[in-house]
Visitor: 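Let me begin by handing over the structure; questions about it come next.
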Amino acid sequence: MKLLLLDGHSLAYRAFFALPAENFSTSTGQHTNAVYGFTSMLINVLRDEAPTHVGVAFDVSRRTFRAAEYPEYKAGRSATPTEFSGQIPLLHEVLDALRIKHVGIEGYEADDVIATLTHRAVEQGHEVVICTGDRDAFQLVSDKVTLLYPVRGVSEVWRMDPAAVAEKYLVPPERYSDLAALVGESSDNLPGVPGVGPKTAAKWLGQYGDLAGIVAHVDEIKGKAGENLRAHLDGVLRNRRLNRLVNDLDLPLGIDDLQRASWDREEVHRVFDGLEFRVLRDRLFATFDVEADEVEGGFELEGEIVHADGLPLRFGDGAHGRQVPHGVVVTGHYRGGSGDAGAVAFAGADGVTGYVDLTTLTPEQDEVLASWLADPTAPKVLHDAKEQLQALSTRGLPLAGITSDTALAAYLVRPDQRSYDLEDLVVRHLGRELKAQEAAGDQGMLDFAPDDDTSEREAMVRARAVLELSEVLGERLEETGGTDLLRDLELPLVDILARMERTGIAVDEDALTALEADFAAKMRQAQLDAYEAIGRSDVNLGSPKQLQEVLFEQLGMPKTKRTKTGYTTDADALADLFAKTEHPFLEALLRHRDTSRLRVTVEGLIKSVALDRRIHTTYIQTIAATGRLSSTDPNLQNVPIRTVEGRRIRDVFVVGEGYESLMSADYSQIEMRIMAHLSGDEGLIEAFRTGEDLHRFVGARVFGVEPEDVTAAMRSKVKAMSYGLAYGLSAFGLSKQLNISTGEAQGLMDEYFSRFGGVRDYLREVVVEARATGYTATMLGRRRYLPDLVSDNRQRREGAERMALNAPIQGSAADIIKLAMKGVDAALRSEGMASRILLQVHDELVLEVAPGEREALEALVRREMGAAVAMDVPLDVSVGVGRSWHDAAH
DNA sequence: ATACAAACGTA
DNA sequence: CGTACGTTTGTATG
């Protein structure tokens with residue numbers, strides 16, 4: 001057991017002076033700096049100390065027994081500012097919401113309360129941590145009692161144990177009050193002995209043991225200091241009476257009452273909303289949503305197991321209740337276009353849990369299960385539904401009625417996490433472990449033999465956990481405005497993506513093989529040329545380390561930009577070196593890089609061709625913090641297009657049998673259009689409405705010429721800048737990219753912003769808003785939390801600012817194409833067309849055109865993509881058709 | 001065997 | 001000192 005005691009008054013008072021009031025006020029003008037500082041410190045201490053019990057002590061008034069004995073006590077302090085005292089009730093509200101007890105006793109100070117509680121806790125053998133800005137509390141420090149003393153405002157604390165006190169004040173903690181009595185305490189208006197500081201006082205205490213010893217030998221002390229001591233002895237003894245903390249107060253609560261309780265979530269929201277503590281609230285929830293040491297217990301499994309050879313399986317009017325929400329877990333696997341499902345575990349809100357082995361079902365059971373799985377009105381909750389949906393589909397079992405996916409829900413709540421493991425989420429949000437509840441006795445337990453049940457029990461536990469988790473995440477989602485996004489966007493997308501994955505895209509395998517051979521030959525030639533150029537062949541051209549040896553030592557070339565381990569050999573740097581030295585090795589090396597990369601890309605594609613001669617990528621819906629999809633195994637979102645040789649790879653992605661052609665439809669300049677819409681900049685909006693070439697239009701404004709007089713050089717500069725803006729590009733970065741001086745780049749940006757002031761204002765406002773709320777939001781309300789916006793670390797802070805600039809733009813584009821996919825898919829179905837979506841590449845959809853549908857499909861795609869969302873600028877869609885992905889480009 | 005850095009492909 | 005990804009290779013660690 002560990003007790004944490006805080007001095008509410010002294011800590012809040014510290015914060016009041018440490019934090020600038022103008023940064024910590026609500027929109028109604030209420031100052032909150034003291035509350036903020038205290039709460040922030042409280043969160044940190046709770047996190048770092050992980051106490052089991054917590055209490056906060058307050059001063060009630062200045063009329064204390066000390067002031068009664070010594071009227072000058074704490075006199076000379078300026079009156080407490082009303083801006084501070086007005087925050088004390090707010091502080092009480094925060095503590096109440098957090099269910100942390102606070103107490104103040106008339107006539108005594110907060111420290112007396114702390115001393116009393118400490119005394120009792122230590123008597124009971126507990127560990128105590130005290131957090132206060134009042135030095136009198138040093139006397140309480142012992143091997144069981146640690147004191148956290150804030151320094152530098154409230155940003156840091158000193159951890160004072162007996163050794164630390166002794167080191168700092170040269171006396172052990174139990175002598176600290178004697179020392180303070182001798183030296184005096186100016187903040188309490190207690191004068192000490194003139195000319196006696198901590199060193200002299202410590203020396204005396206060392207010599208005579210304690211203050212009583214000094215008093216007993218007061219006549220032996222020599223010198224001026226001794227004289228002063230004798231002259232001020234009464235004052236010293238009075239100081240000692242006053243700084244002795246009272247440790248036997250009669251308190252209205254005991255140690256047990258301070259046990260930590262889970263806080264009142266709704267009240268926390270209400271109070272923190274009122275104080276406009278958005279970032280702090282998120283920090284609170286992020287830190288403490290579930291305490292690690294609260295994790296205990298598992299999931300109860302009840303009801304009957306349904307074996308294929310056993311009981312009749314019923315969902316519906318029977319025991320399970322067809323409309324009751326069920327957690328569902330499908331065991332099995334799926335990747336690259338094939339897989340299998342082994343079993344379905346389910347856990348209903350009615351308490352029934354079950355497990356069905358798909359391999360041993362009777363036809364009757366199969367019928368019941370299939371009809372329930374496919375029933376859109378039978379609500380089901382899964383974790384990462386897509387793969388399980390795919391596994392079921394291999395057995396011809398459609399799955400419908402998914403009302404939540406806990407991985408997607410968790411992603412929408414906090415989109416920047418590396419993974420959304422069910423196990424982690426259960427610990428984090430439910431405070432339990434992903435295991436079966438060890439129930440007392442066998443009541444209610446499933447009648448498994450203990451050795452054959454593990455995978456079955458595990459699946460049922462997961463099903464039960466998913467169901468419970470979905471409720472908690474549903475609340476979190478509601479709090480963060482993500483409910484609609486889940487239901488109307490991400491969930492409907494699951495099925496669309498699943499079908500795209502299953503469909504895959506056809507490739508010309510012979511062409512692919514030929515391409516590999518061609519790239520391999522070119523790569524070998526480049527290698528030979530490179531070796532010849534340096535007169536050796538013992539270098540691995542793929543090793544940056546060995547290349548550095550050749551470039552900078554053997555050939556003595558100028559050093560390039562540093563990396564963590566040496567000097568970069570990236571393509572940019574090699575091109576620079578080639579411009580300087582014209583060494584043939586560099587040309588051959590670059591050629592080798594290019595061709596070997598292409599060869600490897602092709603090789604990877606060959607490996608991933610499935611038996612149906614198609615490539616089936618996997619889309620991940622919960623990776624990109626901005627809301628984009630990602631593609632893996634293989635990644636079909638980074639197939640080369642920029643170079644002629646690279647484009648040859650696109651030419652092997654072809655229309656499949658039974659279809660007429662491939663269609664590629666993409667949004668042109670969608671991010672700039674979103675920028676125009678979100679910023680409301682009239683110039684940029686006009687640019688898109690006139691239909692003129694964007695960069696020509698912008699270039700004309702920036703350079704002050706007629707659009708027809710915009711040169712290619714002007715256009716490319718403006719293009720780089722426009723796109724850079726959405727990434728938080730600096731003048732320095734722009735200058736590097738365009739190979740111009742920083743001054744020129746800055747001038748370009750200034751000119752841009754003076755012509756498109758709305759863009760400048762928008763970008764500025766995005767960061768300000770995100771700093772205040774703690775998150776950015778896309779057009780559909782998809783949030784990205786960026787706590788580093790208030791980091792003390794400049795690099796982290798500026799990095800977060802760039803993310804804040806980019807997230808709403810990239811994220812809104814992601815929202816839009818997801819809406820478009822829904823629209824296109826729905827229209828294809830409602831019009832009974834056979835054409836289908838194959839790929840999504842962020843702003844592009846690749847479709848397979850069924851015979852005779854080309855024209856209708858183009859109209860449908862233009863309509864649905866163009867109308868995905870209403871904006872102040874048109875959404876321009878460009879469409880191309882051809883036998884291959886390359887030919888469909890436009 | 002696993003983890004990381006460097007490099008490079010896409011939007 | 002430009003955002004968001006995934007993959008491969010080499011290298012350093014265990």
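The figures here come from the full heavy-atom set of this structure, side chains too, leaving out hydrogens, waters and symmetry mates. Here is how names work: the chains are called A, B, and so on, in the same order as the sequence lines, proteins then strands, and each is numbered from 1.
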Visitor: Would you say dT9(C) has OP1 or OP2 under 4.0 Å from some side-chain N or O of K545(A)?
Guide: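 No, outside the criterion.
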Visitor: How many whole angstroms separate atom CG of D843(A) from atom P of dA4(C)?
Guide: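 Taking atom P of dA4(C) as the reference, CG of D843(A) is at 18 Å.
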Visitor: Once you round it to whole Å, what is the distance between P of dG10(C) and CD of E549(A)?
Guide: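 The distance from CD of E549(A) to P of dG10(C) comes to 17 Å, rounded to the nearest Å.
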Visitor: Has Q637(A) got a side-chain N or O lying under 4.0 Å from the OP1 or OP2 atom of dA4(C)?
Guide: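 No, no such contact exists.
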Visitor: Please determine whether a side-chain nitrogen or oxygen atom of R784(A) lies at a distance below 4.0 Å from atom OP1 or OP2 of dA4(C).
Guide: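 Looking at the OP1 and OP2 atoms of dA4(C), one of them is under 4.0 Å from a side-chain N or O of R784(A).
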Visitor: Would you indicate what L629(A) reaches in the nucleic acid, counting non-hydrogen atoms under 4.0 angstrom: base, sugar-phosphate, or nothing?
Guide: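 Nothing: the residue L629(A), judged by heavy atoms under 4.0 Å, touches no strand.
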Visitor: To the nearest angstrom, how far is I809(A) atom CD1 from dT3(C) atom C1'?
Guide: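 Result: 10 Å.
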Visitor: Can you see if the side chain of T632(A) gets near the phosphate of dT7(C) - specifically, an N or O under 4.0 Å from OP1 or OP2?
Guide: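 Yes, T632(A) has a side-chain N/O under 4.0 Å of OP1/OP2 on dT7(C).
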Visitor: Please report the distance separating the P of dG2(C) from the corresponding atom of dC4(B), rounded so that it comes out in whole Å.
Guide: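 Per the computed distance, 25 Å lies between those P atoms.
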Visitor: Kindly indicate whether the side chain of R771(A), heavy atoms from C-beta on, has any atom under 4.5 Å from the side chain of E801(A).
Guide: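 SC-SC contact between R771(A) and E801(A) confirmed.
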Visitor: What's the CD-P distance between E798(A) and dT3(C), to the nearest Å?
Guide: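 From E798(A) CD to dT3(C) P: 11 Å.
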Visitor: If you pin M803(A) and P544(A) to their nearest nucleotides in DNA chain C, which one's is more 5'?
Guide: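 Closest to the 5' end, via its nearest nucleotide, is M803(A).
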Visitor: Decide yes or no on side-chain contact (heavy atoms from CB on, under 4.5 Å) for F688(A) and H677(A), but give the supporting numbers first.
Guide: CA-CA 10 Å; F688(A) 285 117; H677(A) 173 77; over 6 Å; no
Visitor: What is the distance, to the nearest angstrom, from the CD atom on E603(A) to the P atom on dT7(C)?
Guide: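 That distance rounds to 15 Å.
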Visitor: Under a 4.0 Å heavy-atom cut-off, which of residues 721-754 of chain A touch DNA chain B?
Guide: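 Residues of residues 721-754 of chain A under 4.0 Å from DNA chain B: none.
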Visitor: Restricting to pairs with a member in residues 752-770 of chain A, which pass salt bridge (charged side-chain N to carboxylate O under 4.0 Å, His left out), not counting sequence neighbours?
Guide: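 Counting only pairs at least two positions apart or across chains, the salt bridge (charged side-chain N to carboxylate O under 4.0 Å, His left out) contacts touching residues 752-770 of chain A are E751(A)-R755(A).
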Visitor: I need the full list of ring-ring contact (aromatic ring centres under 6.0 Å, His included) pairs touching residues 716-736 of chain A, with sequence neighbours left out, sorted by first then second residue.
Guide: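 Sorted result for residues 716-736 of chain A: H695(A)-Y723(A).
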Visitor: Nearest whole angstrom, please: distance from the P of dC5(C) to the CD of Q417(A).
Guide: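 Taking CD of Q417(A) and P of dC5(C), I get 13 Å after rounding.
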Visitor: Considering only heavy atoms of chain A and a distance under 4.0 Å, specify the first and last nucleotide of DNA chain B in 5' to 3' order that meet this criterion.
Guide: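 The contacted stretch runs from dA5(B) to dA11(B).
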Visitor: Examine dC5(C): is either OP1 or OP2 under 4.0 Å from a nitrogen or oxygen in the side chain of R628(A)? Give yes or no.
Guide: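 No.
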Visitor: Side chains of E553(A) and Q548(A): donor-acceptor distance under 3.5 Å anywhere?
Guide: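 There is no such pair between these side chains.
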Visitor: Name all residues meeting the ring-ring contact (aromatic ring centres under 6.0 Å, His included) criterion together with Y667(A); count only those two or more places apart in sequence or in a different chain, and write none if there are none.
Guide: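 So Y667(A) forms no ring-ring contact (aromatic ring centres under 6.0 Å, His included) with any residue.
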Visitor: Residues in ring-ring contact (aromatic ring centres under 6.0 Å, His included) with F756(A), at least two apart?
Guide: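 Applying ring-ring contact (aromatic ring centres under 6.0 Å, His included) to F756(A) gives Y752(A).
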Visitor: What residues from residues 562-590 of chain A pass a heavy-atom cutoff of under 4.0 Å to DNA chain B?
Guide: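 Result for residues 562-590 of chain A: T563(A), K564(A), T565(A), T568(A), T569(A), D570(A), A571(A), sorted by number.
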Visitor: Could you tell me how far apart I623(A) (CD1) and dC5(C) (C1') are, to the nearest whole angstrom?
Guide: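 Spelled out: CD1 on I623(A) to C1' on dC5(C) is 9 Å.
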Visitor: Heavy atoms under 4.0 Å, any strand shown: does R593(A) hit a base, just sugar-phosphate, or nothing?
Guide: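 Sugar-phosphate: the residue R593(A), judged by heavy atoms under 4.0 Å, touches backbone atoms but no base.
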Visitor: List the residues meeting ring-ring contact (aromatic ring centres under 6.0 Å, His included) with F585(A), not counting sequence neighbours, and say none if there are none.
Guide: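 For F585(A) there are no ring-ring contact (aromatic ring centres under 6.0 Å, His included) partners, ignoring immediate neighbours.
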Visitor: If you look only at pairs with a residue in residues 567-590 of chain A, which of them pass as a salt bridge (charged side-chain N to carboxylate O under 4.0 Å, His left out), with sequence neighbours excluded?
Guide: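 Those involving residues 567-590 of chain A are E587(A)-R591(A).
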Visitor: Only counting residues at least two apart or in another chain, list the ones meeting salt bridge (Lys or Arg N to Asp or Glu O under 4.0 Å) with R650(A).
Guide: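 Expected list: none.
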Visitor: What is the nucleic acid contact for A625(A), judged by heavy atoms within less than 4.0 Å: base, sugar-phosphate only, or nothing?
Guide: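 Since only primed, P, OP1 and OP2 atoms lie under 4.0 Å of A625(A), the category is sugar-phosphate.
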Visitor: For F653(A) and I505(A), work out which heavy atoms get closest and say how close.
Guide: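 Nearest heavy atoms, F653(A) then I505(A): CD2-CG2, 3.6 Å.
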Visitor: Taking ring-ring contact (aromatic ring centres under 6.0 Å, His included) as the test, write out the residues that go with F552(A), two or more places apart.
Guide: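 Checked F552(A) against ring-ring contact (aromatic ring centres under 6.0 Å, His included); matches are Y567(A).
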Visitor: Looking for any heavy atom pair under 4.0 Å, which part of the strands does S631(A) touch: base, sugar-phosphate only, or nothing?
Guide: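 Sugar-phosphate contact only.
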Visitor: Please collect all salt bridge (charged side-chain N to carboxylate O under 4.0 Å, His left out) contacts where either partner lies in residues 593-606 of chain A, sequence neighbours excluded, each pair once.
Guide: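 Checked against salt bridge (charged side-chain N to carboxylate O under 4.0 Å, His left out) - neighbours excluded - the pairs reaching residues 593-606 of chain A are E516(A)-R599(A), R599(A)-E603(A).
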Visitor: Take atom CG of N635(A) and atom P of dC5(C), then tell me their distance rounded to the nearest Å.
Guide: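 Whole-Å distance recorded here is 12 Å.
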